[in-house]
Amino acid sequence: MNCPRLRLRYYSTSHFNQRIMHLKHASGATKVDDALQVFDEMLQRQPPPSIIQFNQLITVVVKTRHYSTALSLYKQMKLMGIPTDLYAMNISINCHCRLNQVTYAFAILATIFKQGQPPSLTTYNTLINGLVLADRVVEAVEMFKKLLREKLCEPNPITFGTIINGLCKVGYTSKALELLRFMEASSCKPCVAQYNTIIGSLCKDKMVDDALQLFANMTEKGVLADVITYNSLVQGLCNFGRETEAAKMLIDMEKEGLSPTVNTFNILVNAFCKQGSVKDAELAVQSMVRRGLHPDVITYNALIDGYCLRGEIDEAENVLDGMVERDIVPNIITYSSLINGYCKNKRIDEARHLFQEIQDKGLIPNIITYSTMLQGLFQSGNPAAAREFFNEMQTKGQTPSLCTYRILFYGMCKNSQCSDALALFRSLGSEELMKDIVLYNILIDGCSKCGKPNLGMDLFDELSSKGLKPTVWTYTVMIPVYFQEGLLEKGKELVRRMEENGCLPDRVTYCVIVQELLKKNEPREAENFLKEMLSRGFFPDSSTFSMVLHLIPNVGKDSRLRSIFQKLTSEERMAE
DNA sequence: ATAGGGTTAG
């Protein structure tokens, strides 16, 4: 009896309760191991603790997402002859669902029936959610209908919410909205969670105004928005470039007595940075600090990236120093942004140095880090080093992404290697690459820049057979291709044709056609396009503008064009 | 005690 393992048998029930409670609130790396330790002791105790305690403990393991471990614990209990209950089976069903083992989950349902007990509503909800998680939304809906039809149980808001979530997941947001309306009319009233699912989905579908409408509806019905509602809306507005409204939303939520979280601010900070106004992002950070919130690694990374995108590497370095001072540990994303910043500033040696240094520190570069370096090497005018780097990254086990290939092919074409790029593109025979219109745009543009317009035409001609739809960008890069081949009519016709195909020419398209026509000594034609461009509210960029000034004598016998140009030239003088 | 909503950064 002096064996320590056996002595544990005398621990009281309340002893385990305390330890389970403690584990629930614990955080850290040893949480699961500690739970397993407690489990072993519980298993040893005679008589065994109640199934409720086992379920509580295993729930701790489930919450850390160690589903297989949780299932193995139930297996051990079974071996020890400890009987389980419906709760235990529901938890097991959930674990199998999370592990993408819906078949096993349904096997447990069969066991429940075999034991002669009715499954609970939770059993059904968990299974329906399992089908949704497995992208088997149609089956989830079928099961839901069967539940109603055979009156197996009365659905609750969670049942509806799960189906709403599934419908949104597969893009049937309007069906989800119908179901929500059904709930509103029924006695099973929706709560904020169901509204949030649809609001989030509408925002993802770029229907942020509909999301705002639903938000208003919800409030009218007396359902109070929570932080998740506001965060979704802030995100939705930011995705649409509506940062000002998003910032206003943040004030609104405070008026409602809800405190914005670090996430709320991070969404705004990131949006301001992406939009180019790091100043506003810094102001947002200040206001989050004033509210007692602590910026985290995501906040700092957004700022660093914002500065790097603007090429303000010194500012980015300052932010890095600041975060380190506050004990926030920079991660691979932080350093990838900085590497990008150095590359953008043509400081390739510093980029390479940092790339090496982080690896010495034990950080593992990922495909984005490698792609950033690759781009930097090409931009530094060293295509040979870039190619070598590209091969090296693959020997290190990095699989190039679509983005990597875009960088590679763009870099090769920029360095007069469009034939090599094309040969590589063909030899890869990758389905993913051949479905990417952006890559085609890069290659077509590359061919024309390399003086191989015939290759560009071949690429353009194969688009339709690949099921690819040309974009504004595609049509725009095709103009110089036709012009190089001397097919001026086809080039001009393309500008008409793209419009018929639902691609309105943009500023770049007009700049390109005007410049190409001027190069081919067609000032009258150029002027026609220029007029059309101006009438559509586009202004020439500086290179087009100076070409126009030099090559069109007495620009604009037409008074409107002349007045626009007089205005432009005077503005330019003022800027000088 | 078990089931549902969102995670923002390269």
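All values below come from the heavy atoms of this structure, side chains included, with hydrogens, waters and symmetry mates left out. First the proteins, then the strands, lettered A, B, ... as listed; each starts at 1.
Remark: the Asp296(A) side chain and the dA9(B) base include no donor-acceptor N/O pair separated by less than 3.5 Å. Side-chain atoms of Asn90(A) stay outside donor-acceptor range of the base of dA1(B), with no qualifying N/O pair under 3.5 Å. Evaluation of atom-type donor-acceptor distances gives a pair under 3.5 Å for the side chain of Asn366(A) against the base of dG10(B).
Within the nucleic acid shown, Cys238(A) has no heavy atom closer than 4.0 Å to any nucleic acid atom. Ile91(A) comes within 4.0 angstrom of sugar-phosphate atoms only, judged by non-hydrogen atoms across all strands, and of no base. Residue Ser336(A) is classed as a base contact, given a heavy-atom separation below 4.0 Å to a base.
Rounding to whole angstrom units, CG of residue Leu73(A) and P of dA1(B) are separated by 19 Å. Rounded to an integer number of Å, the gap from Ile58(A) CD1 to dT2(B) C1' is 12 Å.
Under 4.0 Å is where a charged nitrogen must lie from a carboxylate oxygen, and between Glu245(A) and Lys248(A) no such pair does.
Which of dG4(B), dA1(B), dA3(B) sits closest to the side chain of Ala193(A) comes down to dG4(B). Looking at the side chain of Val297(A), the nearest of the listed nucleotides dG4(B), dA1(B), dA9(B) is dA9(B). Ranking dT8(B), dT2(B), dG6(B) by closeness to the Asn231(A) side chain, first place goes to dG6(B). Candidate nucleotides dG10(B), dG6(B), dA9(B) were compared by shortest atom distance to the side chain of Ser337(A), and dG10(B) ranks first. The side chain of Asn263(A) sits closest to dG6(B) out of dA3(B), dG6(B), dT2(B). With dG4(B), dG10(B), dA3(B) as the candidates, the nucleotide lying closest to the side chain of Gln194(A) is dG4(B). Among the nucleotides dG4(B), dG10(B), dT8(B), the one closest to any side-chain atom of Ile267(A) is dT8(B).
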Result block: side-chain N/O donor-acceptor pairs under 3.5 angstrom for residues 68-84 of chain A, not counting sequence neighbours:
{"unit_1": "Ser72(A)", "atom_1": "OG", "unit_2": "Thr69(A)", "atom_2": "O", "d": "2.7"}
{"unit_1": "Tyr74(A)", "atom_1": "OH", "unit_2": "Asn55(A)", "atom_2": "OD1", "d": "2.8"}

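Listed in residue order, the members of residues 76-89 of chain A having a heavy atom less than 4.0 Å from DNA chain B are Asp85(A), Tyr87(A).
Phosphate proximity of dG10(B) to Lys274(A): present, with a side-chain N or O under 4.0 Å from OP1 or OP2. Taking side-chain N and O atoms only, Asn340(A) has no distance below 4.0 Å to OP1 or OP2 of dG10(B). Asn55(A) has no side-chain polar atom (N or O) that falls below the 4.0 Å cut-off from OP1 or OP2 of dT2(B). Contact annotation: Asn266(A) does not reach the phosphate of dA9(B) (side-chain N/O to OP1 or OP2, under 4.0 Å).
Not counting sequence neighbours, Phe182(A) has no partner by the ring pair (Phe, Tyr, Trp, His ring centres under 6.0 Å) test.
Of the N and O atoms on the side chains of Thr162(A) and Asn165(A), not one donor lies less than 3.5 Å from an acceptor on the other residue. Side-chain polar atoms of Thr122(A) and Asn125(A) form no donor-acceptor pair below 3.5 angstrom. Side-chain atoms of Asn331(A) and Thr334(A) form a donor-acceptor pair, as typed in the model, at a separation below 3.5 Å.
Within 6.0 Å of atom CZ in Arg352(A), 12 or fewer heavy atoms from other residues, nucleotides or ligands are found, so the atom counts as exposed in its surroundings.
Rounded to the nearest 0.5 angstrom, Leu309(A) CG and Gln275(A) CD are separated by 12.5 Å.
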